[in-house]
Amino acid sequence: MSNSSENILTHKWTEYQKIARNGLWNNNQALVALLGLCPLLAVTNNTVNGIGLGLATMAVLIVSNVLVSLIRDHVSDEVRIPVFIAIIASAVTVIDLLMEAYLHTLHGILGIFIPLIVTNCAILGRAEAYASKNSVDKSLIDAFFMGLGFALVLIVLGALREIIGNGTLFDQMDLMFGESAKALTIHLWEDYHPVLLAILPPGAFIGLGLLVALKNAIEQRKAAKAQNVLGVQVSVNPLRAPE
C-alpha cells in the first residue's frame, strides 16, 4: 500500500473517531444539546422502554441521514426542509409499523411517542446540519453514534429509575427479546420498598439532571487535569528572554 493511500486511510479513521466521540460524548444530543427530551423523559421508567425507544430513534436517524446525504445535491435550498421532514416521517412510519407487527405489547406501551419521533429536533438537526453537507459514509457514522449516544442515555436513565423505583433491573425484557428474556430480570433487594418518585415524571427530570451534572463534573475534572499538566510543562521549560 502506498504512503498516499495509508495517509488517506489514517485521515478517514481519525475523522470517524472524531465523529464517534462527538456522538457519544462531546455533542451527545441528550446530555449536551438537550434535544428530544419529551419522549426521553416520558417513557424511561424502566430499562426495556429505554431500549425500545432508543433503538427506534437510532434506526430513524440512520435511515434519514443516509437518504438525505444521497439526495443532497439534487434538492434545492427552498424545499430541502420539507423534503427532509418527508423522509423522516416515512422512516418513522416504517419503524412504527414494524414495531406494531413484531413488538406489539411494547409498541402499545410506548404509544404515541413512536410516531412523535418525527418531531425529534435531534433527527432533523442532524439531517440539516450534517447529512445535507457530508458524504454518505460520514453521515452514516454520524447517525450511528449520535443515535447510540441518545439510546445509551435512555437506557441508563431507564435502568436508574427502574432500580430506585421498583428495586429490579431488566424487568419485562421479554417484551422485546421473547419469552427466554424473562430470566434476565434481576431483583436487587428482598423486601425493597419502592420509591414511587423515581418512576413518576419528576423522577425523570431529577435523573436526567444528575446525568448532566455527572458529565459536566467529568469534563471539569479533565479540564483541570489538562491545565495542571500544561502548567507543569511551562514551569519545567521556562521561556528565556533574548540576551
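- Applying the side chain to side chain donor-acceptor pair (under 3.5 Å) test to pairs two or more places apart or on separate chains, those with a residue in residues 150-164 are Thr44-Arg161, Thr47-Glu162, Glu162-Thr168.
- Between the CG atom in Leu55 and the CE atom in Met176 there is a gap of 4.5 Å [rounded to 0.5 Å].
- Contacts classified as side chain to side chain donor-acceptor pair (under 3.5 Å) and involving residues 190-204 (residues at least two apart or in different chains) are not found.
- Within the 4.5 Å cutoff, the side chain of Ile51 has heavy atoms near those of the Met173 side chain.
- Looking at residues two or more places apart in sequence or on another chain, you find a side-chain contact (heavy atoms from CB on, under 4.5 Å) between Glu100 and Leu97, His104, His107.
- Contact record, Leu152 with Leu24: CD1-CD2, 4.3 Å, taken as the closest heavy-atom pair.
- Scanning for side-chain contact (heavy atoms from CB on, under 4.5 Å) contacts around Asn216 gives Val212, with sequence neighbours left out.
- Taking both residues in full, the closest heavy atoms of Ser139 and Ala131 are given as OG-CA, 3.4 Å, listed atom of the first, atom of the second, then distance.
- Applying the side-chain hydrogen bond (donor to acceptor under 3.5 Å, both in side chains) test to Asn45 and every residue at least two apart in sequence or in another chain returns Asn49.
- Legend: residues meeting side-chain hydrogen bond (donor to acceptor under 3.5 Å, both in side chains) with Lys182, ordered by chain and number and at least two apart, are Glu179.
- The side chain to side chain donor-acceptor pair (under 3.5 Å) pairs that include a residue from residues 33-43 number zero, where partners must be two or more places apart or lie in different chains.
- In terms of heavy-atom proximity, Leu106 sits nearest to Gly52 at CD2-CA, 4.1 Å.
- With respect to Glu128 and Lys133, no salt bridge is recorded, no charged nitrogen being found less than 4.0 Å from a carboxylate O.
- Taking a 4.5 Å side-chain heavy-atom cut-off between Ile, Leu, Val, Met, Phe, Trp and Tyr, the cluster of Leu35 contains only that residue.
- Of the inter-residue distances, the one linking Leu210 atom CG with Leu157 atom CG reads 9.5 Å to the nearest 0.5 angstrom.
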Worked verdict on Asp171 versus Asn166 for side chain to side chain contact (heavy atoms under 4.5 Å, CB included):
CA-CA 9 Å; Asp171 191 25; Asn166 296 324; 5.8 Å; no
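- Atoms CG and CD1, from Leu70 and Ile87 in turn, are 9.0 Å apart once rounded to the nearest 0.5 Å.
- There is no path of hydrophobic side-chain contacts, each under 4.5 Å, that joins Ile199 to Trp189.
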Applying side chain to side chain contact (heavy atoms under 4.5 Å, CB included) to Phe84 and Ser64, what does each step give before you reach the verdict?
CA-CA 8 Å; Phe84 295 169; Ser64 60; over 6 Å; no
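- Note that CD1 of Ile186 and CZ of Phe170 are 5.5 Å apart. Values are rounded to the nearest 0.5 Å.
- Within 6.0 Å of CH2 on Trp13 lie no more than 12 heavy atoms contributed by other residues, nucleotides or ligands.
- Put simply, the side chain of Gln172 does not reach to within 4.5 Å of the side chain of Thr185, judged on heavy atoms.
- Note that CZ of Phe150 and CG of Leu61 are 9.5 Å apart. Values are rounded to the nearest 0.5 Å.
- Hydrophobic clustering (side-chain heavy atoms under 4.5 Å, transitive across Ile, Leu, Val, Met, Phe, Trp, Tyr) groups Phe205 together with Leu197.
- Hydrophobic clustering of Ile, Leu, Val, Met, Phe, Trp and Tyr side chains at less than 4.5 Å, counting indirect connections, unites Ile206 with Leu34.
- Checking side-chain atoms of Asn228 against main-chain N and O of Ala224 turns up a donor-acceptor pair under 3.5 Å.
- Phe144 is listed as a side-chain neighbour of Ile62, based on a closest heavy-atom distance under 4.5 Å.
- If you chain together hydrophobic residues whose side chains sit under 4.5 Å apart, Leu188 and Val48 fall into the same group.
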Stepwise side chain to side chain contact (heavy atoms under 4.5 Å, CB included) check, Ile81 with Ile85
CA-CA 6 Å; Ile81 296 298; Ile85 292 175; 3.9 Å; yes
Given Leu124 and Val118, is the side chain to side chain contact (heavy atoms under 4.5 Å, CB included) satisfied, shown in steps?
CA-CA 8 Å; Leu124 182 59; Val118 175; over 6 Å; no
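- In terms of heavy atoms, Leu40 sits closest to Ala30 at CD1-CB, 3.7 Å.
- Applying the side-chain contact (heavy atoms from CB on, under 4.5 Å) test to Ala56 and every residue at least two apart in sequence or in another chain returns Ile95, Met99, Ile114, Ile117.
- Evaluation of the side chain to side chain donor-acceptor pair (under 3.5 Å) test over residues 116-126, restricted to residues two or more places apart or in two chains, returns Arg126-Asp142.
- Between Val68 and Tyr130 there is no side-chain heavy-atom pair separated by less than 4.5 Å.
- Heavy atoms only, all atoms of each residue included: Val79 and Val75 are closest at CG2-CG1, 3.9 Å.
- Thr57 pairs by the side-chain hydrogen bond (donor to acceptor under 3.5 Å, both in side chains) definition with nothing, not counting sequence neighbours.
- Residues Ala204 and Leu41 come closest through the heavy atom pair CB-O, 3.3 Å.
- Taking the side chain as every heavy atom from C-beta outward, Val43 and Ile109 never approach each other to under 4.5 Å.
- The other residues sharing a hydrophobic cluster with Ile218 are Trp25, Leu214, where clustering joins ILVMFWY side chains under 4.5 Å apart.
- Rounding to the nearest 0.5 Å places CD1 of Ile19 at 12.5 Å from CG of Asn26.
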